[in-house]
J.: 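Please see the structure below; I have some questions.
This chain uses plain numbering: 1 for the first residue, then up along the sequence.
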Amino acid sequence: MKNNEFLKLSAIELISGYKKGSYTISDVIETALEHIEANERNLNALITPMYEEARSRAWMLDAALSRGEDMGPLFGVPVVVKDNITIDGIRTTCGSRMLENWIPPYSAHVVECLERAGAVIIGKANMDEFAMGSSTEFSAFGPTLNPWDLSRVPGGSSGGSAASVAAGYAPISLGSDTGGSIRQPAAFCGVYGLKPTYGLVSRFGLVAFASSLDQIGPFARNLSDLAVVLQVISEADTRDATCVRKERPNYLDFLNVESLKGFKVGYLSGYESMEIDEEIKRGVTQALRICQDAGAEIVEVKLPISTRYGLPCYYTIAPAEASSNLARFDGVQYGFSVEAEDLQDLYLKSRGAGFGPEVKRRILIGTFVLGSSRYDAYYLQAQKVRQLIIREFDAAFSRADVLLMPATPTLPFRRGEKMTDPVKTYMADLFTIPANLAGLPGLSMKISFSHSGLPIGVQLVGKKFGEGDILKTASVIEKVIGPAVTTLGGDRK
Ligand SMILES: NC(=O)C[C@H](N)C(=O)O
């Protein structure tokens, strides 16, 4: 096998090659690291590549393999982890100057799970600062570019995680999604990205942005890999009080279904009149047709409150929570500090120099809506709208098992295009935010490529803990359109 071929393999294919002795884990990791080194100058998908750690872990796993030890479900598989998820001893920057030199003394629950499963973490992915943004242009470490077109953004905030999987750095990666940060970059980079149900995956070790919305989830290039990672990281954990104790199903059981007979797919109507890219609308229609051909009943669903008020509701609640969560970065803790005259001056100067423009904007908005004279008019009102959105989804799920809709209103946009107008950037989350507000799982997947060669994504939203329904529907679609591909000479179809 030519070395580059390793980079196109799925996690499951890699493991089967190790088992057969076709190549070693060190061969694969070395190839991935060389590929990263050759491409990072263009792509900038990683803030911290972990060359030495990955090499020694690969060596250790090869030795374990030769001793015939048990292989976990991600044995020897290269993985990239978003840089707001802690790894013991590896700096975790959150894309911010504020944490530029912060080395956490503990690993996130999901990282422990990955390591127990045998994964080899090869780098920490670039991201919008503190996960605030939709283009990865708000990283203090420079923007990540879209591997399908370097003049365009990869989406955000988990742009580095999505770009890594699309560019063949690793078959899987982890991101976090507060308002679309997994699903929107997955759509822009043409890969799978899943935001699990709120409470399915422990956030222990995830640096908090908006705690009532944040969830960690996987990126992959095919559904089997995605299901394996979900299985591995969704292990219950008492260190996150929101992580549910209920038993998780075997997510692989939902794949390889032949038919959707007796299953109802909700088609989100009413958005056609909005400013949505025509090719994305056609992508949704194509996905619906595949479901229908597989025997699903297509029912019309309306979400008028979510589509109209989801965005302002999110951009009130998320900044409010962020302004509180980010209060801990005060110039005293976490290492970042600036010379100052007194304590007040230290706060002002450290926060002034440590945070970038979008984070400052969110803190200002959050502090504003929580002010005692404005709390009722903004924050409380947004909480009421959130309840209405939850009820609206409950009604929709009394008619349908899953909902199918666009992942984003536009194809990947050009670098710099939306930097001067934050509201334009916020619009990128139009279709992803409602699932966060209602705590529901959502998957974004590539359905095809546009005439200009850019990936087109669609989104499936499920009931609470309905990841299985999503995987089942997506697997029927994958069977027709094939898995996602890397930019390494894969067919764009
Ligand atoms: N964090 C997210 O899920 C992304 C969202 N675009 C935001 O900036 O809040």
Side-chain angles (χ1 to χ4, degrees), residues 7 29 31-54 78-85 87 90-102 121-176 181-182 184-191 193 207 219 221 354-359 411-419 425 428 454-455 486-488:
L7 308 171
I29 296 299
T31 309
L33 297 179
E34 276 166 22
H35 180 55
I36 289 172
E37 209 160 60
N39 285 278
E40 265 304 86
R41 199 152 1 122
N42 280 335
L43 220 51
N44 196 32
L46 303 181
I47 291 176
T48 310
M50 290 165 54
Y51 296 112
E52 286 322 306
E53 295 81 2
V79 182
V80 165
V81 173
K82 187 176 180 179
D83 207 21
N84 58 353
I85 298 173
I87 302 179
I90 304 291
R91 75 171 180 156
T92 295
T93 69
C94 286
S96 179
R97 288 277 161 244
M98 190 59 98
L99 290 177
E100 196 172 6
N101 298 310
W102 183 55
I121 301 176
I122 58 171
K124 300 294 302 287
N126 201 2
M127 56 183 281
D128 286 298
E129 185 176 7
F130 285 104
M132 298 171 192
S134 304
S135 64
T136 316
E137 291 171 290
F138 285 119
S139 166
F141 300 87
T144 297
L145 308 186
N146 189 315
W148 292 103
D149 178 345
L150 298 179
S151 70
R152 294 177 190 268
V153 303
S157 64
S158 314
S161 305
S164 294
V165 170
Y169 286 10
I172 50 183
S173 65
L174 292 187
S176 66
S181 272
I182 292 176
Q184 187 255 9
F188 276 16
C189 292
V191 296
V207 179
F219 290 90
R221 292 191 301 264
F355 289 139
E358 184 58 26
V359 172
L411 296 174
F413 46 88
R414 288 192 189 282
R415 281 179 60 196
E417 196 180 312
K418 299 187 194 253
M419 283 296 269
T425 313
L454 297 169
T486 66
T487 48
L488 293 151

J.: Give a yes-or-no answer on whether the side chains of Lys82 and Ser176 include a donor-acceptor pair shorter than 3.5 Å.
T.: yes
J.: Is there a donor-acceptor pair under 3.5 Å between the side chain of Arg91 and the backbone N or O of Trp102?
T.: no
J.: Could you pull out the closest heavy-atom pair between Pro185 and Phe219, with the gap in Å?
T.: CG-CZ, 4.3 Å
J.: Got a second to check how far Leu174's CG is from Ser164's OG, nearest 0.5 Å?
T.: 11.0 Å
J.: Hey, are Thr93 and Asp83 close enough side-chain-wise for a donor-acceptor pair under 3.5 Å?
T.: yes
J.: From Leu46 CG over to Met127 CE, what is the distance, rounded to the nearest 0.5 angstrom?
T.: 13.5 Å
J.: Can you confirm whether the side chains of Asn126 and Thr136 place a donor and an acceptor under 3.5 Å from each other?
T.: no
J.: Testing the basics here: between Leu7 and Arg221, what is the closest heavy-atom pair and its distance to 0.1 Å?
T.: O-NH2, 3.1 Å
J.: Taking the side chain from Glu417 and the backbone from Arg414, do they hold a donor-acceptor pair closer than 3.5 Å?
T.: yes
J.: I'd like to check Phe188 versus Phe413 (side-chain heavy atoms, cut-off strictly below 4.5 Å). Are they in contact?
T.: yes
J.: Search all heavy atoms of Tyr169 against all heavy atoms of Ala45 and return the closest pair with its distance.
T.: CE2-CB, 3.9 Å
J.: Less than 4.5 Å apart, any side-chain heavy atom of Val191 and any of Val165?
T.: yes
J.: Looking only at atom types and distance, does a side-chain atom of Asn44 sit under 3.5 Å from a main-chain N or O of Glu40, one as donor and one as acceptor?
T.: no
J.: Going from CZ on Arg97 to CZ on Phe355, what distance comes out if it is rounded to the nearest 0.5 angstrom?
T.: 14.0 Å
J.: Taking all non-hydrogen atoms of both residues into account, name the closest pair between Pro78 and Pro171 and its distance.
T.: O-CD, 3.4 Å
J.: Apply side-chain contact (heavy atoms from CB on, under 4.5 Å) to the pair Ile121 and Val80, showing each step before the final yes or no.
T.: CA-CA 6 Å; Ile121 301 176; Val80 165; over 6 Å; no
J.: Minimum heavy-atom separation for Thr92 and Ile87, please, with both atom names.
T.: OG1-N, 4.0 Å
J.: Atom CD in Glu53, atom CD1 in Ile29: separation rounded to 0.5 Å?
T.: 12.5 Å
J.: Any chance you could measure Glu358, atom CD, to Met419, atom CE, to the nearest 0.5 Å?
T.: 8.5 Å
J.: Is there a side-chain contact (heavy atoms from CB on, under 4.5 Å) between Arg152 and Leu145 once you walk through the steps?
T.: CA-CA 6 Å; Arg152 294 177 190 268; Leu145 308 186; over 6 Å; no
J.: If you take all heavy atoms of Ile122 and Ala170, which pair is closest and at what distance?
T.: CD1-CB, 4.1 Å
J.: List the steps and the verdict of side-chain contact (heavy atoms from CB on, under 4.5 Å) for Glu100 and Phe141.
T.: CA-CA 9 Å; Glu100 196 172 6; Phe141 300 87; 4.1 Å; yes
J.: Hydrogens and angles aside, do Ser96 and Glu129 bring a side-chain donor and acceptor to less than 3.5 Å of each other?
T.: yes
J.: So, the side chain of Thr487 versus the backbone of Pro147: is there a donor-acceptor pair under 3.5 Å, distance only?
T.: no
J.: Quick check: Phe130 with Phe138 (ring centres under 6.0 Å apart)?
T.: no
J.: About how many Å separate SG of Cys189 and CD of Gln184, when rounded to the nearest 0.5 Å?
T.: 9.0 Å
J.: Going by side chain to side chain contact (heavy atoms under 4.5 Å, CB included), Asp128 matches just one of Ser158, Ser139, Ser135, Cys94. Which one?
T.: Ser135
